[in-house]
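Here is the structure we will look at, set down as structure tokens.
First the proteins, then the strands, lettered A, B, ... as listed; each starts at 1.
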Number of protein chains: 2
Amino acid sequence: MEAEQTTTAQLAQELRTTVGRLVRRLRAEPGPPVAQFTLLARLDRFGPASISDLATAERMRPQSMAQTVRDLERAGLVSRRPDPDDRRRAFVELTEAGHVMLSDTRARREGWLAEALERELDAGERETLHAGLVLLRRLADI
Amino acid sequence: MEAEQTTTAQLAQELRTTVGRLVRRLRAEPGPPVAQFTLLARLDRFGPASISDLATAERMRPQSMAQTVRDLERAGLVSRRPDPDDRRRAFVELTEAGHVMLSDTRARREGWLAEALERELDAGERETLHAGLVLLRRLADI
DNA sequence: TATTGTTATACTCTATAACTATA
DNA sequence: TATAGTTATAGAGTATAACAATA
């Protein structure tokens, strides 16, 4: 089907372009780097976790996750608590400063996204967006 | 509304996480770097354009776009044609090699995304995705 | 003066390779 | 041997600053 194929290819390009624009928009917002903020938010929502678990959750190499954690640790925003049952592992958790940074950023600056979702989209649109994200997630996990 | 706020915050986090995963997934696919491929696809679809126009279209700094164009030019995939009406400007356009690379990549490797859209999603889901992308684009353009 | 474009430089993000320590 | 984690290194992607040429 010629028309169908064209549509799919266009959708692919649209997706690529839109994702690129969105990433740049997110990055432009002041506050900690996106990857670091994402990790802080994850730790806050799901609690302490090991490097491996965090890497798996974000579909990222453990070495890459280790870098992000190292940067956050140097900034004093997360700390490590050794796993008493397995001395190879350590739980990464938010420090008090990490909590403060997170809520601070959410409230003052990085809240941009949440605010935009509230302000620019109505309830129905948020549902549509959610449905779209579920599909994007599925594509990302293939 | 407490519940409403929580939902919006969660949606924001979901968006952030999903976009991150998707970017990494796209990057993992073999072929030319994502930014370069995106530009090749744009030139193919919309025709020659100046650096400034391309930067505006992708919501990117002209200096950043100049880098991408320079890399593609060095690889022989795009060329510049001076604008006869304005000697500051030049039109960036696909070379024959650029066309070949584009269709080659689309067919063999980078076609992953288009294929996935065909294979993993049905027509209704593609519509939902499209609607979601329109909203994401709106958010990116705020 | 404003616009188009360039080069230099730096930061973020993430990957692969090679390694240590523990299980 | 397998798993958890680290450091070293490199490449992609993009930004800001400072500049040159043209309008």
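- Residues satisfying the side chain to side chain donor-acceptor pair (under 3.5 Å) criterion with B/R61, sequence neighbours excluded, are absent altogether.
- Linking Ile, Leu, Val, Met, Phe, Trp and Tyr residues whenever their side-chain heavy atoms come within less than 4.5 Å leaves B/V134 and B/L113 in two separate clusters.
- At least one donor-acceptor pair under 3.5 Å links the side chain of A/T95 to the backbone N or O of A/L77.
- Both A/Q36 and B/D53 lie close to DNA chain C; mapped to their nearest nucleotides by heavy-atom distance, the more 5′-ward contact belongs to B/D53.
- Not counting sequence neighbours, A/E14 has no partner by the salt bridge (Lys or Arg N to Asp or Glu O under 4.0 Å) test.
- When the side-chain nitrogen and oxygen atoms of A/R70 are compared with OP1 and OP2 of C/dT14, none of them lie within a distance under 4.0 Å.
- The cluster map of Ile, Leu, Val, Met, Phe, Trp and Tyr, joined by side-chain heavy atoms under 4.5 Å apart, puts B/L133 and B/V23 in the same cluster.
- B/R61 has its CZ atom 16 Å from the C1' atom of C/dT4, to the nearest Å.
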B/L11 vs B/L15, test: side-chain contact (heavy atoms from CB on, under 4.5 Å). Steps then yes/no.
CA-CA 6 Å; B/L11 185 59; B/L15 195 160; 5.7 Å; no
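- Between B/R80 atom CZ and C/dT4 atom P the separation is 15 Å, expressed in whole Å.
- The side-chain hydrogen bond (donor to acceptor under 3.5 Å, both in side chains) contacts involving residues 77-86 of chain A comprise A/E73-A/R80, A/R81-A/E93, A/D83-A/R89, A/D86-A/R88, where partners must be two or more places apart or lie in separate chains.
- In this structure A/R87 satisfies the salt bridge (Lys or Arg N to Asp or Glu O under 4.0 Å) test with no other residue, sequence neighbours excluded.
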Give me the distances for all protein-to-nucleotides 17-20 of chain C N/O pairs that come in under 3.5 Å?
{"residue": "C/dA17", "atom": "N6", "partner": "A/Q63", "partner atom": "NE2", "Å": "3.3"}

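- A/R27 has its CZ atom 12 Å from the C1' atom of C/dT14, to the nearest Å.
- Sorted by first and then second residue, the salt bridge (Lys or Arg N to Asp or Glu O under 4.0 Å) pairs involving residues 62-71 of chain A (not counting sequence neighbours) form an empty list.
- Residues from residues 39-48 of chain B with heavy atoms under 4.0 angstrom of DNA chain D: there are none.
- Across all strands, A/T68 comes closer than 4.0 Å to no nucleic acid atom at all (heavy-atom distances).
- With the nearest nucleotide of DNA chain D identified for both A/P62 and A/G20, A/P62 has the one nearer the 5' end.
- Residue-to-nucleotide proximity on DNA chain D shows that, of A/R24 and A/Q67, the 5′-proximal contact is made by A/Q67.
- Toward the 5' end of DNA chain C, the nearer of the two residues B/S52 and A/S64, judged by each one's closest nucleotide, is B/S52.
- Against DNA chain D, the stretch residues 84-91 of chain A makes heavy-atom approaches under 4.0 Å through A/R88, A/R89, A/A90.
- As rounded to whole Å, 12 Å separates atom P of C/dA15 from atom CZ of B/R25.
- Residue pairs meeting the side-chain hydrogen bond (donor to acceptor under 3.5 Å, both in side chains) criterion with at least one member in residues 32-43 of chain B, sequence neighbours excluded, are B/R42-B/E58.
- Protein chain B touches strand DNA chain D; the 5'-most and 3'-most nucleotides with an atom under 4.0 angstrom of its non-hydrogen atoms are D/dA12 to D/dA23.
- Contact annotation: B/S50 reaches the phosphate of C/dG5 (side-chain N/O to OP1 or OP2, under 4.0 Å).
- When heavy atoms are screened at a 4.0 angstrom cut-off, B/M60 is found touching the sugar-phosphate backbone but no base atom.
- For the pair B/R106 and B/W112, the cation does not sit on the ring face, since its NZ or CZ is not both under 6.0 Å from the ring centre and inside 45° of the axis.
- When the salt bridge (Lys or Arg N to Asp or Glu O under 4.0 Å) test is applied to A/R119, the partners found at least two apart in sequence or on another chain are A/E115.
- When the side chain to side chain donor-acceptor pair (under 3.5 Å) test is applied to A/E120, no partner is found at least two apart in sequence or on another chain.
- No donor-acceptor pair closer than 3.5 Å links the side chain of A/R59 to the backbone N or O of B/R24.
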